[in-house]
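Structure record follows, encoded as structure tokens.
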Amino acid sequence: MAEYFENIPKIPFEGPKSDNLLAFKYYNPDEIVNGKTMREQLKFALSWWHTMGGDGTDMFGVGTADKTWGESDSEKRAIAKVDAAFEIMDKLSIDYYCYHDRDLSPEYGSLAQTNEKLDKVVAYCKEKQEQTGKKLLWGTAKCFDHPRYMHGAGTSPSADVFAYSAAQIKKAIETTVELGGNGYVFWGGREGYETLLNTNMSLELDNMARLMRMTVDYARSIGFTGDFYIEPKPKEPTKHQYDFDTATVIGFLRKYGLDNDFKMNIEANHATLAQHTFQHELRVARDNGFFGSIDANQGDVLLGWDTDQFPTNAYDATLCMYEVLKAGGFTNGGLNFDAKARRGSFTKEDIFLSYIAGMDTFAMGLKAADKLISDGRIDKFVEDRYSSWTTGIGADIISGKATLNDLEKYALEKGEVTDSLSSGRQEMLESILNQVLFNI
């Protein structure tokens, strides 16, 4: 078997004072943080689509990186991708990977032929997993790039397209189960609309729910015990995506009785596009019992599309890991790097430099979040700020004892509210965050 990165060693941990570009400064897989090793807390995953197939093509230009892996034949290239991916994971100490079905193996004419070719690649992935101990974090079906999906998959106006997408998803579920994945993601690539002038929105949403219910029932019937995820995304490619943000998706799941099977796969860049913070989306998921998995990347607030940059923002990583630790950590989910090196970062070495940057950033975030929780000042401030709800009239409201008449009587007797108002002290809290992050 060829070594695809012969000049890249296994990436060591050398600490923050190291000037070795091919070394971790903060990610020490065996270091204990909050009762678990970093490896267990972070559960990093390689994204097959960006890492193994993304060649830098964008809406303004052709690819800049060679992702053919030395093979012109598509079948041989699919196998070469497996070897290269497992080499990357080994050298970066990454334990998991994620894929769309067509990232593993492209379409070959008929669906039957496509499935047959996919089975061969899946079998090889399983063989590599058994050899290396690497695991599948989650799988999904790529029901958005083929022309048949121009108007959506589960929300298509064509029943034939709906049926085709169902067949494709069925196979993707089977491959996920075969590879031992504990998650399956629905990402609505084209599940939305451009104009209501040609859209039956009610039917489309009903049909999306029908497809999800069919998938859940089938997956459970063949032994899938993991989590189903929806990945909220507000824009790109359709003007109105049905999975706009976490709150929207939760409402959808509850309406259709799917809330017991689904959790969220939150992507940082998608939060930006929805004009939320990354932490906001995680908090909404956590507070509502839908925290599941994370796509780790970052966007550019000056650009209006999904840039999928490798995460290097220490603040975002810290506040993300604060939510993860508060949620009790990952169960079936993890941190999938749905990220790609910039178009101008086109060498094989750049793959490793990008992952090192992202992994170090989240290692910093994990340690800072743990310190933030142990420090306790922010949590104590929030607790004190809402202390009026634990006694007196506040406790009566929470318990359901107080009626509207009771509250009117209380307000009339108390008069103008002055004594219970307190400063929000945002600047102080942000200073505490800085102190914890940069205690140098």
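What's counted below: heavy atoms across the whole structure, side chains too, no hydrogens, waters or symmetry copies. Position 1 is the first residue of the sequence, and the numbers go up from there. Computed from a predicted structure; not experimentally measured.
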message = Can you tell whether the side chains of E31 and K367 come within less than 4.0 Å, N to carboxylate O?
response = yes

query = Under 3.5 Å, is there a donor-acceptor pair linking the side chains of Y256 and D206?
reply = yes

query = Between D379 and K326, is there a side-chain N and carboxylate O pair less than 4.0 Å apart?
reply = yes

query = Roughly how far, to the nearest 0.5 Å, is NZ of K340 from CG of D55?
reply = 10.0 Å

Under-4.0 Å salt bridge between R213 and D217 = yes

Pairwise distance CG(N265) to NZ(K233) - rounded to 0.5 angstrom = 12.5 Å

ask   = Please, which pairs that meet salt bridge (charged side-chain N to carboxylate O under 4.0 Å, His left out) have at least one residue in residues 142-163, sequence neighbours excluded?
value = D103-K142, E107-R148, K142-D145

message = Check this for me: does any side-chain nitrogen of one of E14 and K25 sit under 4.0 Å from a carboxylate oxygen of the other?
response = no

query = Are R39 and D95 within salt-bridge range, i.e. N to O under 4.0 Å?
reply = yes

ask   = Looking just at side-chain N and O atoms, do Y218 and E174 make a donor-acceptor pair shorter than 3.5 Å?
value = yes

ask   = In terms of side-chain heavy atoms, does Y315 have a donor or acceptor partner in N434 at a distance below 3.5 Å?
value = yes

request  = Indicate whether any N or O donor in one side chain lies under 3.5 Å from an N or O acceptor in the other, for W49 and D338.
outcome  = yes

query = What are the two closest non-hydrogen atoms of D375 and I432, and how far apart are they?
reply = OD2-CG2, 4.2 Å

query = So, T175 versus Y99: side-chain donor-acceptor pair below 3.5 Å or not?
reply = yes

task = Say whether T307 and Q309, considering side chains only, have a donor N or O and an acceptor N or O under 3.5 Å apart.
result = yes

key: Under 3.5 Å side-chain donor-acceptor pair for N20 and S18   = no

message = Can you confirm if the NZ or CZ of K263 lies within 45° of the ring axis of Y229 and under 6.0 Å from the centre of its six-membered ring?
response = no

query = So Y242 and Y193, would you call those rings parallel, tilted or perpendicular, with 30° and 60° as cut-offs?
reply = tilted

ask   = Looking at Y96, does the NZ or CZ of K43 lie under 6.0 angstrom from its six-membered ring centre and within 45 degrees of the ring axis?
value = yes

message = Any non-hydrogen side-chain atom of L282 less than 4.5 Å from a side-chain atom of C320?
response = yes

ask   = Minimum heavy-atom separation for Q298 to T312, with atom names?
value = OE1-N, 2.9 Å

ask   = Is the closest side-chain donor-acceptor distance between Y149 and E191 under 3.5 Å?
value = no

ask   = Ion pair present between K235 and D306, side-chain N to carboxylate O less than 4.0 angstrom?
value = no

task = Would you kindly say whether R377 and Q435 are connected by a side-chain donor-acceptor distance under 3.5 Å?
result = yes

message = Can you tell me how the ring of F186 sits relative to the ring of F228, calling it parallel under 30°, perpendicular over 60° and tilted otherwise?
response = tilted

query = Does K348 come within less than 4.0 Å of E6, counting only side-chain N to carboxylate O?
reply = no

inquiry  = Tell me whether the rings of F244 and H240 are parallel (<30°), tilted (30 to 60°) or perpendicular (>60°).
reply    = parallel

ask   = Does a salt bridge link D350 with R342, judged by any charged N lying under 4.0 Å from a carboxylate O?
value = no

message = Please check if the number of heavy atoms outside K135 that lie under 6.0 Å from its NZ is greater than 12.
response = no

request  = Would you kindly say whether E267 and N297 are connected by a side-chain donor-acceptor distance under 3.5 Å?
outcome  = yes

inquiry  = Within the 3.5 Å criterion, strictly below it, is a donor on Y27 or T361 matched to an acceptor on the partner's side chain?
reply    = no

ask   = Is it the case that Q241 and T238 place a side-chain donor and acceptor less than 3.5 Å from each other?
value = yes

query = For F86, which of Y97, Y4, F5 qualifies under ring pair (Phe, Tyr, Trp, His ring centres under 6.0 Å)?
reply = Y97

request  = Ignoring hydrogens and angles, state whether a donor on the side chain of T195 or N198 is under 3.5 Å from an acceptor on the partner side chain.
outcome  = no

ask   = Quick one: do E194 and K239 make a salt bridge, cutoff under 4.0 Å?
value = no

query = When rounded to the nearest 0.5 angstrom, what distance separates CG in D370 from OG1 in T318?
reply = 11.0 Å

